[in-house]
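See structure below.
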Amino acid sequence: MSGFRIQSWNAVAPGLNCPEDWRNWLQAPYLLDTQLAKIPLKQIPPLLRRRFTELGRCAAGAALPLLEEIDSIPGVFASRHGDTPLTLSLLEGIAEQQPMSPTGFSLAVHNAVSGLLSIARKDVSEVTAIAASEQLIAHALMEAMTQLQEHERVLCLIYDVPLPELYQPYVTTEPFPFALAMILSRGTGECFQLAQQQSAEHAEVSELMAMMKCLCGLEEQVCFRGTRGSHWQLCKADPEQV
């Protein structure tokens with residue numbers, strides 16, 4: 001069992017731009033748009049801002065408000081699929097024997113978002129980019145907790161966009177773009193514990209929805225289920241246990 005504190009968090013999705021928006025939506029859900037509304041990102045220079053795809057804008061929109069008074073912080077950047085729409089467009093170009101755009105290729109790699117944010121913030125702190133076919137949130141939290149052994153606080157950023165129609169029959173994902181940014185801390189914030197279990201009840205909602213309910217105070221614990229018999233449970237904890 002591992003304990004940690006969430007000093008602050010922020011999440012964005014179409015029409016949901018602050019914790020209160022998320023709490024209201026979770027209590028009375030409705031269909032969200034499949035595309036993200038324009039996020040200004042005024043903190044980023046215009047020339048660099050153009051390099052941010054929808055995935056990058058979503059991630060930056062969640063993270064930057066938490067980092068306004070933080071000059072440097074190590075980060076864990078977690079996305080299940082990465083920028084699949086951009087990757088598919090590059091593959092289609094190859095199939096049509098078109099020359100590949102170096103810029104497009106550089107933005108399609110899995111650590112592109114972390115690189116762009118590091119450049120925009122002039123932050124040379126170490127970053128880790130991870131992917132997981134399941135239990136992405138649990139793995140991101142575990143990686144961030146590991147880094148807390150050497151740092152006072154760590155940014156944990158989880159983000160994805162809907163898959164192109166070509167891939168949708170093969171995997172279930174959120175039907176809207178989203179990003180969840182959390183600053184994990186050693187000393188301040190709400191306390192949580194993450195523990196591995198061998199059995200778990202069937203979850204009726206996605207990992208993201210369960211996590212957001214926990215962060216918004218609507219649930220005391222959340223289970224991230226795996227298909228190989230291994231599960232992770234996240235629950236709120238007493239400060240003396242962390």
Side-chain angles (χ1 to χ4, degrees), residues 1-30 32 36 55 58-59 61-63 65-66 75-81 113 128-148 153-162 171-185 189-197 200-227 230-237 242:
M1 182 178 292
S2 301
F4 62 95
R5 297 171 185 263
I6 296 181
Q7 178 178 311
S8 58
W9 68 271
N10 185 47
V12 298
L16 307 177
N17 301 303
C18 66
E20 188 62 26
D21 288 344
W22 280 93
R23 183 181 177 86
N24 293 338
W25 180 71
L26 290 168
Q27 292 177 311
Y30 55 86
L32 300 180
L36 196 68
L55 182 71
C58 191
L66 302 182
V76 175
F77 289 70
S79 176
R80 182 178 183 186
H81 300 292
V113 173
T128 303
I130 68 173
S133 60
E134 58 183 28
Q135 299 175 317
L136 176 68
I137 296 176
H139 291 137
L141 289 172
M142 182 60 69
E143 176 64 27
M145 282 189 291
T146 300
Q147 295 193 19
L148 279 179
R153 53 190 176 183
V154 176
L155 170 67
C156 182
L157 183 55
I158 302 161
Y159 50 94
D160 263 309
V161 293
V171 64
T172 300
T173 60
E174 299 297 341
F176 52 83
F178 73 87
L180 167 61
M182 298 171 284
I183 293 183
L184 275 61
S185 169
E190 191 169 12
C191 300
F192 291 85
Q193 285 185 332
L194 184 66
Q196 196 168 27
Q197 298 182 329
E201 296 180 358
H202 177 70
E204 297 181 355
V205 297
S206 67
E207 288 186 4
L208 174 67
M209 295 301 98
M211 183 67 186
M212 295 309 302
K213 285 185 176 182
C214 190
L215 289 175
C216 290
L218 301 176
E219 299 285 351
E220 290 297 315
Q221 63 182 30
V222 53
C223 181
F224 304 114
R225 299 178 70 251
T227 58
S230 177
H231 313 283
W232 291 92
Q233 184 180 61
L234 177 70
C235 61
K236 294 185 178 180
V242 175

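Fair warning: this is a prediction, and the values are worked out from it, not measured in the lab.
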Under 3.5 Å donor-acceptor, [X] side chain and [Y] backbone:
{"X": "W22", "Y": "A11", "value": "yes"}
{"X": "Q233", "Y": "A195", "value": "no"}
{"X": "R5", "Y": "E190", "value": "no"}
{"X": "R23", "Y": "C216", "value": "yes"}
{"X": "S79", "Y": "Y159", "value": "yes"}

Can you find a pair of side-chain heavy atoms, one from [X] and one from [Y], that are under 4.5 Å apart?
{"X": "F178", "Y": "L32", "answer": "no"}
{"X": "L215", "Y": "L180", "answer": "yes"}
{"X": "M142", "Y": "W232", "answer": "yes"}
{"X": "N10", "Y": "P19", "answer": "yes"}
{"X": "L141", "Y": "L184", "answer": "yes"}

Ignoring hydrogens, what is the shortest heavy-atom contact between [X] and [Y]? Give both atom names and the distance.
{"X": "A62", "Y": "A181", "result": "O-CB, 3.6 Å"}
{"X": "D160", "Y": "H81", "result": "OD1-N, 3.2 Å"}
{"X": "R80", "Y": "A132", "result": "CG-O, 3.2 Å"}
{"X": "L66", "Y": "M182", "result": "CD1-N, 4.2 Å"}
{"X": "A78", "Y": "L136", "result": "CB-CD1, 3.9 Å"}
{"X": "L36", "Y": "P14", "result": "CD1-N, 3.7 Å"}

[atom2] on [Y] to [atom1] on [X], rounded to 0.5 Å:
{"X": "R225", "Y": "E134", "atom1": "CZ", "atom2": "CD", "answer": "9.5 Å"}
{"X": "L148", "Y": "R153", "atom1": "CG", "atom2": "CZ", "answer": "11.5 Å"}
{"X": "F224", "Y": "H139", "atom1": "CZ", "atom2": "NE2", "answer": "10.5 Å"}
{"X": "T128", "Y": "E143", "atom1": "OG1", "atom2": "CD", "answer": "4.5 Å"}
{"X": "I158", "Y": "L208", "atom1": "CD1", "atom2": "CG", "answer": "8.5 Å"}
{"X": "M209", "Y": "E219", "atom1": "CE", "atom2": "CD", "answer": "13.0 Å"}

Legend entry - Counterpart residues, side-chain hydrogen bond (donor to acceptor under 3.5 Å, both in side chains), relative to E207 (two or more places apart): none

Legend entry - Contacts of Q7 that satisfy side-chain hydrogen bond (donor to acceptor under 3.5 Å, both in side chains) - sequence neighbours left out: T188

Inset, instruction - Can you label the angle between the F4 ring and the F192 ring as parallel, tilted or perpendicular, going by 30° and 60°? - result: parallel

